[in-house]
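Not measured: the values here are computed from a predicted model. A note on names: the letters A, B, ... follow the listed sequences, proteins ahead of strands, and every chain is numbered from 1.
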Amino acid sequence: MIKVTLPDGSVREFAQGATAMDVAKSISDGLARNVLSAKVNGEVRDASRPLPGDCTLSLLTWNDAEGKSTFWHSSAHLLAEAIEALYPGTKFGIGPPIENGFYYDIDLGEKTIGDGDFAAIEAKMKELASKKSAFERKAVSKADAVAYFTEKGDEYKLELIDGLNDGEITFYTQGSFTDLCRGPHIPDTSFIKAVKVMSVAGAYWRGDEKRKQLTRLYGITFPKQKELDEHLTLLEEAKKRDHRKLGKEMDLFTFSERVGAGLPLWLPKGAALRERLINFMKEAQEKAGYVQVATPHIGSKALYETSGHWEKYGKDSFQPISTPQEGELFMLKPMNCPHHCEIFASRPRSYKDLPLRLAEFGTVYRYEQSGELHGLARVRGFTQDDAHLFCRPDQVKEEFLKVIDLVLLVLRALGFEKFEAQVSLRDKLDRSKYIGSDENWQKAEQAIIDAAAECGMKTVVEYGEAAFYGPKLDFMVKDALGRRWQLGTIQVDYNLPERFQLEYVGSDNARHRPVMIHRAPFGSLERFIALIIEHTAGRFPLWLTPEQAIILPISDKFVDAAKQAQSQLAAMGIRCELDERSEKIGRKIRDAELAKSPFMLILGEKEVESGTLSVREHGAGDAGAMTVVAFARLIQERIEMQLGQATAA
RNA sequence: GCCUUUGUAGCUCAGGGGUAGAGCACUUCCUUGGUAAGGAAGAGGUCCCGGGUUCAAUUCCCGGCAAAGGCUCCA
């Protein structure tokens, strides 16, 4: 008998050779029908494999990320089986699961696959899935594996086998298709009910552009048709919310070939929105003890030699700017920190001055690869909501906590509810690639872990992901569609204070090196605005939105009254437009709704007589008549509620 | 940076070796209307840029630039 410990801590006994599936069946048939794979002593395995002995076991279903991965990995095999049936002679590269579905890289020889072929592939996959073919695992010797793929003529698989050790090679077979695969897989193909081939793209074999380009087929599958439908609806919604499309429609920003790729031009409405974000952040930072500084867009090349950026990124940056002086070189700044270090160093600092929090909405320039440019999310010139905190080592944790508070405050004000933090620490084994004393690292790492825990954020710890100069914490938010976006980071830095020889005089009257913390809650304003456009589908929070209301006169006769109301509202700080076209009210309402104006203020004879405006709320309809003052108060109350909730939380 | 696709009016797009079209937007006129599209007329284009083939190129070919998707990268 073997003892199996389940996630709830209970222990059950099973006969030697029992499988995870047997365990599932002993719990309930319903569970057994949903088990995709199993985590045995921390390792994900086939549910159909005999358990190795006493073990801890969790059964993985569609509700587990690892269960989904298994499902999609098996789906990749199903895709391959369908391709082999439809396109005999195809050679196969790799076919892994990804965040949303899976892909398979294939070599079709002379043939090509286009969008038009997807339906046939999907049909074949469904046909094969319904055969309920089991995924059968078989350990093979290296020689046998080589023999199999040599006969099949698949050089890609042979290359993969070449990198594996004899004794650790397994094949999986379902139906007529056999693949080199570590597994694990779902019990059989019938779990796969809904199938969609999403797209086709080129991808180099092993990601190496010098090697052959294969055809990559992306697909996604689900256990239920309904889930596929929902997924496709979500994708459509994401397309509708694309910030590049909405940004154009809403006149927020544009690009010009003549200005250059990746260099956004902010239109008046977008620039004003940016300004509101900046002011909001400035205010929050002032309350948190930051001081604003301002530094130029360029700096001498020597500055970046000191910081080390020249050595590491110099050749991939915008190249130095020369001057009439022979040998004089300046760089467009790729970061604000070197400038801020010089501000710190501009005079002697006492421990009493610390922490010194220097903030700047600094615009930086990085030569991103052309293929990487993407709307506002990835640009070559962008503005960071940057700040550098210079502090004593014993202040790191408190500063971290304060930064996290600030970030959460700001994100809540923008309507984000779901955050996660990723803490990046040193590699557990190899410590040679990090600079700074072991003692400082330990302190800083512990400080970050504690700070993240104390503020109650969901935290993932990643070892080996720290920068060479210090550990960091990255913020992730989930947007309204459940997509994860990485925002700004908080990073501890021992390197720059060293390189810039920064010092403060301690209470012991000796010189000490400060610790530097980089932090940018939004990361870049550009990327952040892209995120809020997509998160809100262009319906920004009232305090941020370009246009809070639009006045719609019933006819030309009321335009003068409308103008008066508009200037009254403007005097009370309300951003209000006026539709003075000679159109019918129905038309004006329709256009205002489509333009997503939060409030429509209808003004006709009735309203003029009673000194009111008829208020209509976007998406909600008629909200009754009220005076201009009452409406302004309504707006202000709404804004206070949105921002107040954030402050209180 | 690499691969594939795309680039025509402000926007969305059709067309095609003989210098160009639709819908929406815009302008003017008519209409002055009460909660999601009133009517008519008009204006608007280096068909991305440069070169080549051709009697003739926006159309075909080559090169650039830009965008989309993918690969690789990201202080």
Side-chain angles (χ1 to χ4, degrees), chain A residues 98 103 105 112 114-115 198-218 239 242 244-245 248-249 251 254-263 304 307-314 316-317 333-338 364-375 377-380 382 384 386 467-470 472 486 489 491 493 495-496 518 520 523-524 527 552-559 581-595 597 600-607 614-625:
Chain A
I98 51 176
Y103 66 79
D105 283 346
T112 56
D115 304 12
M198 299 300 297
S199 60
V200 57
Y204 298 105
W205 172 233
R206 305 211 129 175
D208 183 346
E209 65 187 61
K210 290 182 192 70
R211 307 201 58 180
K212 179 147 187 183
Q213 186 163 28
L214 304 179
T215 301
R216 175 169 296 180
L217 279 174
Y218 286 89
K239 213 170 176 180
D242 191 318
R244 294 166 299 183
K245 178 171 172 272
K248 191 183 254 181
E249 282 172 14
D251 293 321
T254 188
F255 289 90
S256 151
E257 276 187 36
R258 209 176 293 217
V259 171
L263 300 171
Y304 300 100
S307 72
H309 292 113
W310 170 254
E311 194 194 351
K312 201 158 163 50
Y313 296 103
D316 300 319
S317 302
K333 72 175 171 188
M335 299 201 71
N336 301 301
C337 30
V364 296
Y365 302 88
R366 299 180 185 173
Y367 192 79
E368 303 292 352
Q369 292 187 22
S370 59
E372 280 313 311
L373 301 174
H374 181 88
R378 198 72 187 278
V379 289
R380 284 179 173 161
F382 57 95
Q384 295 177 311
D386 209 0
F468 71 93
Y469 50 77
K472 63 177 180 175
Q486 190 182 332
T489 62
Q491 302 189 359
D493 187 348
N495 180 45
L496 282 184
H518 307 247
S524 95
R527 186 177 156 78
L552 311 178
I554 292 285
S555 79
D556 293 351
K557 278 180 279 188
F558 306 105
V559 168
R581 296 174 301 171
S582 300
E583 288 291 349
K584 294 214 250 185
I585 193 67
R587 177 57 186 272
K588 292 184 184 179
I589 286 169
R590 178 185 150 81
D591 288 346
E593 286 280 354
L594 291 176
S597 300
M600 284 148 270
L601 306 174
I602 294 159
L603 182 56
E605 190 159 3
K606 271 193 300 195
E607 290 77 12
S614 284
V615 178
R616 180 188 159 104
E617 188 166 358
H618 173 78
D622 201 337

What contact category does [X] fall into here, base, sugar-phosphate, or nothing, at under 4.0 angstrom with non-hydrogen atoms?
X	answer
A:Arg616	base
A:Glu249	nothing
A:Ile585	sugar-phosphate
A:Glu607	base
A:Ser307	nothing

Working to the nearest 0.5 Å, report the span between [atom1] of [X] and [atom2] of [Y].
X	Y	atom1	atom2	result
A:Asp591	A:Arg581	CG	CZ	4.5 Å
A:His618	A:Ser597	NE2	OG	8.5 Å
A:Tyr365	A:Leu263	OH	CG	8.0 Å
A:Arg366	A:Asp316	CZ	CG	12.5 Å
A:Ile589	A:Leu594	CD1	CG	12.0 Å

Report yes if some heavy atom in the side chain of [X] is under 4.5 Å from a heavy atom in the side chain of [Y]; otherwise report no.
X	Y	answer
A:Glu311	A:Tyr304	no
A:Gln384	A:Val364	yes
A:Arg378	A:Arg527	no
A:Glu368	A:Leu373	yes

Original post:
Is A:Arg216 salt-bridged to A:Asp105, going by a charged N under 4.0 Å from an acidic O?
Top reply: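 Yes.
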Original post:
Looking at A:Glu605 and A:Lys557, does any basic side-chain N land under 4.0 Å from a carboxylate oxygen?
Top reply: no
**OP:** Using the ring of A:Tyr367 (Phe, Tyr or Trp, six-membered ring only), decide whether A:Arg380 places NZ or CZ under 6.0 Å from its centre and within 45 degrees of its axis.
**Re:** yes
What is the separation between atom [atom1] on [X] and atom [atom2] on [N], rounded to the nearest whole Å?
X	N	atom1	atom2	result
A:Gln491	B:C74	CD	P	14 Å
A:Ile98	B:G70	CD1	C1'	11 Å
A:Arg258	B:G50	CZ	P	12 Å
A:Lys557	B:G34	NZ	C1'	12 Å
A:Asn336	B:A75	CG	P	15 Å
A:Lys212	B:U4	NZ	P	14 Å
A:Phe468	B:C74	CZ	P	13 Å
A:Tyr313	B:C74	OH	C1'	7 Å

Subject >> Residue A:Asp556, side-chain heavy atoms: nucleotide from B:U35, B:A75, B:G33 that is nearest >> reply: B:G33
Subject >> Side chain of A:Arg581 (C-beta onward), nearest among B:A36, B:C26, B:G33 >> reply: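 So the nucleotide nearest the side chain must be B:C26.
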Using a cutoff of under 3.5 Å, can you pull out all pairs of nitrogen or oxygen atoms linking the protein to nucleotides 63-68 of chain B, with atom names and distances?
unit_1, atom_1, unit_2, atom_2, d
B:A68, OP1, A:Arg244, NH1, 2.8

Which nucleotide, if any, forms a Watson-Crick or G-U wobble pair with [N], using both distances under 3.5 Å?
N	value
B:G34	none
B:A68	B:U4
B:G63	B:C49
B:U27	B:A41
B:U12	B:A22

Which atom pairs link the protein and nucleotides 38-44 of chain B when you take only N or O atoms and keep those under 3.5 Å?
unit_1, atom_1, unit_2, atom_2, d
B:G38, OP1, A:Glu583, OE1, 3.4
B:G38, OP1, A:Arg587, NH1, 3.3
B:G38, N7, A:Glu583, OE1, 3.2

Subject >> Side-chain donor/acceptor contact of A:Arg378 with base of B:C74 under 3.5 Å >> reply: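 Between B:C74 and A:Arg378, which were checked side chain against base, a qualifying N/O pair under 3.5 Å is present.
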Original post:
Once each nucleotide of nucleotides 8-13 of chain B is scored for protein heavy atoms under 4.0 Å, what B/S/- sequence comes out, 5' to 3'?
Top reply: ----S-
Original post:
Any side-chain N or O of A:Arg216 under 4.0 Å from OP1/OP2 of B:C71?
Top reply: yes
Original post:
Does a nitrogen or oxygen in the side chain of A:Tyr218 sit under 4.0 Å from OP1 or OP2 of B:C71?
Top reply: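 For A:Tyr218, the contact criterion (side-chain N or O under 4.0 Å from OP1 or OP2 of B:C71) is met.
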**OP:** Output all residues satisfying ring pair (Phe, Tyr, Trp, His ring centres under 6.0 Å) with A:Phe382, sequence neighbours left out; order by chain, then residue number.
**Re:** none
For atom [atom1], what is the distance between [N] and [M], given to the nearest Å?
N	M	atom1	value
B:G63	B:G1	P	16 Å
B:A41	B:U35	C1'	30 Å
B:G7	B:A43	C1'	25 Å
B:C60	B:A22	P	23 Å
B:G70	B:C11	C1'	28 Å
B:G10	B:C49	P	13 Å
B:G38	B:U32	P	15 Å
B:G52	B:G69	C1'	31 Å

Subject >> Residue whose closest nucleotide on RNA chain B lies nearer the 5' end, A:Tyr103 versus A:Ser317 >> reply: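 First, find each residue's nearest nucleotide; the 5'-ward one identifies A:Tyr103.
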Subject >> side chain to side chain donor-acceptor pair (under 3.5 Å) involving A:Asp242 - partner list, sequence neighbours excluded >> reply: A:Arg244
Subject >> side chain to side chain donor-acceptor pair (under 3.5 Å) against A:Ser307, all qualifying residues, sequence neighbours excluded >> reply: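 By the side chain to side chain donor-acceptor pair (under 3.5 Å) rule, A:Ser307 matches A:His309.
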